[in-house]
Amino acid sequence: MDWITTPLTDELLRGALELERTGQGVQPHRLPARARAQADGQAVMAEAQPSGVRLVFRTRATAVELDALRTKAVYQGAPPRPDGQYELLVDGEPAGRSSVDGGNQVVTDLATGETDVRPGPVGTVRFTGLPARDKRVEIWLPHNEMTQLVALRTDAPAEPVPAGDRRVWLHHGSSISQGSDAAGPTTTWPALAARLSGVDLINLGLGASALLDPFTARAMRDTAADLVSVKIGINLVNQDAMRLRVFTAAVHGFLDTVREGHPGTPLLVVSPLLCPMHENTPGPSAFDFSRLSEGKLGFHAAGDPAEVAAGKLTLTVVRDELARIVRERSADDPHLHYLDGRELYGEADHAELPLPDDLHPDAAAHRRVGERFAERVFGDGGPFAE
């Protein structure tokens with residue numbers, strides 16, 4: 001087969017804020033270098049996992065190859081994490097999925113916190129049998145593995161799709177927004193909502209790192225978008241990161257910074273999904289080591305409900321305060337909106353689709369949340385309705 005290699009440039013990628021040239025190829029980043037310099041190791045790892053990032057091009061090719069160097073997180077004592085998936089869409093429809101072999105491993109001992117990096121080789125993901133016509137091709141990168149892109153090959157020329165063909169939705173949230181236990185990168189709840197609603201997603205869902213960080217707010221401020229949403233709360237509770245007084249000020253500061261760059265843009269504040277263990281019990285969340293011994297991942301709330309009176313946060317406290325803040329600010333900001341996360345995943349949903357580890361939704365729940373978000377937010381009468 002006569003392959004054509006297409007350079008990996010900014011014009012070819014959607015959903016990344018920056019491309020870093022490395023010794024092997026290019027590393028998509030979901031936070032710019034200035035933000036990464038101020039972030040901790042967890043946030044840096046999360047932003048380098050390219051949730052929502054995809055290659056987008058037009059081609060008549062019937063075969064596509066992508067060389068990539070993955071970096072996979074491995075947690076000793078926990079069940080193995082599934083391989084990251086590269087998912088192919090042809091004219092918006094699913095047309096294949098695969099993972100790459102080889103790659104690096106970052107091995108973490110959950111008991112001690114010690115990590116060990118084990119290098120590995122570049123792998124290749126290959127899609128064949130594509131229709132021999134002009135078409136829009138998207139390759140969605142794994143939402144849960146760091147990926148360096150090394151080379152893109154096709155058996156016919158590939159041309160970038162110019163930006164501006166769809167409204168841009170910029171979203172920030174926790175590991176649930178990043179994708180947690182979704183089946184693949186196109187079925188994380190934000191990706192699914194974006195596809196159902198015909199918008200271009202920039203997903204700043206950052207596992208364990210939705211902490212109202214000023215560097216994230218500035219990145220959002222400086223990113224062009226037609227629609228903006230922030231999902232606030234679960235990481236602040238499960239990391240026991242703030243008390244109510246500081247939380248209130250931090251929310252105002254975060255929204256003020258976002259508004260500096262998006263003064264009249266529809267801005268939606270989303271409170272946490274239902275998570276029974278933290279509804280009325282503060283954090284921190286702790287590993288349930290008894291479940292680890294059974295080969296399962298689980299968490300429990302390690303806080304004391306009596307400390308809520310002293311300002312500790314629970315999800316109930318967070319929702320009440322977010323609703324109040326948005327209600328008061330919207331008097332002068334008519335494009336600011338609020339959505340209770342329990343409208344996306346509530347008590348009835350938990351009874352049907354419980355959280356497998358008591359903290360993160362599974363693939364079926366991701367699909368439900370994405371479909372409901374598309375209906376309630378992008379649908380008729382919603383804050384993002386066209």
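In what follows, residues are counted from 1 in the order of the sequence shown.
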Practice item. Inspect the contact between Arg376 and Glu371 and indicate whether a charged nitrogen and a carboxylate oxygen are less than 4.0 angstrom apart. Key: no
Point to revise | Test item: side-chain donor near acceptor, His300 and Ser285, under 3.5 Å | key: no
Point to revise | Asp222/Arg34 salt bridge by N-O under 4.0 Å criterion | key: no
**Study point:** Asn203-Ser51 side chain donor-acceptor pair, cut-off 3.5 Å
**Key:** yes
Practice item. Give a yes or no on whether the backbone of Arg167 and the side-chain of Asp200 come within a donor-acceptor separation of less than 3.5 Å. Key: no
Practice item. Considering only NZ, NE, NH1 and NH2 on the basic side and carboxylate oxygens on the acidic side, decide whether Glu321 and Arg324 come within less than 4.0 Å. Key: yes
Check your understanding: Are Arg291 and Asp358 ion-paired here, with the side-chain N under 4.0 Å from a carboxylate O?
Key -> yes
Check your understanding: Do His366 and Ser180 have a side chain donor and acceptor closer than 3.5 Å?
Key -> yes
Check your understanding: Are Glu352 and Arg368 side-chain neighbours, meaning at least one heavy-atom pair lies under 4.5 Å?
Key -> yes
**Study point:** Expected output: side-chain Thr22 to main-chain Gly25 donor-acceptor under 3.5 Å
**Key:** yes
Review point. Is there a donor-acceptor contact under 3.5 Å linking the side chains of Tyr86 and Ser99?
Key: no
Practice item. Taking the six-membered ring for Trp and the full ring for Phe, Tyr or His, determine whether the centres of Trp169 and Phe373 are under 6.0 Å apart. Key: yes
Review point. Does a side-chain N-to-carboxylate-O contact under 4.0 Å join Glu159 and Arg58?
Key: no
Review point. Do Thr265 and Asp226 have side-chain N/O donor and acceptor atoms under 3.5 Å apart?
Key: no
Exercise for review: Determine whether Val199 and Leu204 fall in the same hydrophobic cluster, where Ile, Leu, Val, Met, Phe, Trp and Tyr are linked whenever their side-chain heavy atoms lie under 4.5 Å apart.
Suggested key: no
Check your understanding: Quick one: do Arg372 and Asp349 make a salt bridge, cutoff under 4.0 Å?
Key -> yes
Check your understanding: Taking 4.0 angstrom as the limit, do Asp67 and Arg153 come out as a salt bridge?
Key -> yes
Check your understanding: Is it true that Asp256 and Arg221 make a salt bridge, defined as a side-chain N closer than 4.0 Å to a carboxylate O?
Key -> no
Review point. Cluster question for you: counting only ILVMFWY and a side-chain heavy-atom cut-off of under 4.5 Å, with indirect links fine, are Ile232 and Leu344 together?
Key: no
Review point. Within the distance-only criterion (no hydrogens, no angle test), does the side chain of Lys312 pair as donor or acceptor with the backbone N or O of Gly283 below 3.5 angstrom?
Key: yes
Exercise for review: Please report the closest heavy-atom contact between His278 and Ala301, naming both atoms and the distance.
Suggested key: CE1-CB, 3.5 Å
Practice item. Flag the pair Glu145 and Arg81 as a salt bridge only when some basic side-chain nitrogen lies within less than 4.0 angstrom of an acidic carboxylate oxygen. Key: no
Exercise for review: Identify the heavy atoms of Pro190 and His171 that sit nearest to each other, and give their distance.
Suggested key: CG-CD2, 4.3 Å
Review point. Just checking, any donor-acceptor pair under 3.5 angstrom between side chains of His29 and Glu47?
Key: yes
**Study point:** Val90 side chain near Glu93 side chain, heavy-atom distance below 4.5 Å
**Key:** no
Point to revise | NZ/NE/NH1/NH2 to OD/OE distance under 4.0 Å, Asp213 and Arg218 | key: no
Check your understanding: According to a 4.5 Å side-chain heavy-atom criterion applied to Ile, Leu, Val, Met, Phe, Trp and Tyr, with indirect links allowed, do Leu268 and Leu192 form part of one hydrophobic cluster?
Key -> no
Exercise for review: Determine whether Leu336 and Val270 fall in the same hydrophobic cluster, where Ile, Leu, Val, Met, Phe, Trp and Tyr are linked whenever their side-chain heavy atoms lie under 4.5 Å apart.
Suggested key: no
Practice item. Would you check if Leu12 and Leu152 make a side-chain contact, meaning some heavy-atom pair closer than 4.5 Å? Key: yes
Point to revise | Of Arg195, Arg54, Arg97, the residue whose pairing with Glu87 passes salt bridge (charged side-chain N to carboxylate O under 4.0 Å, His left out) | key: Arg97
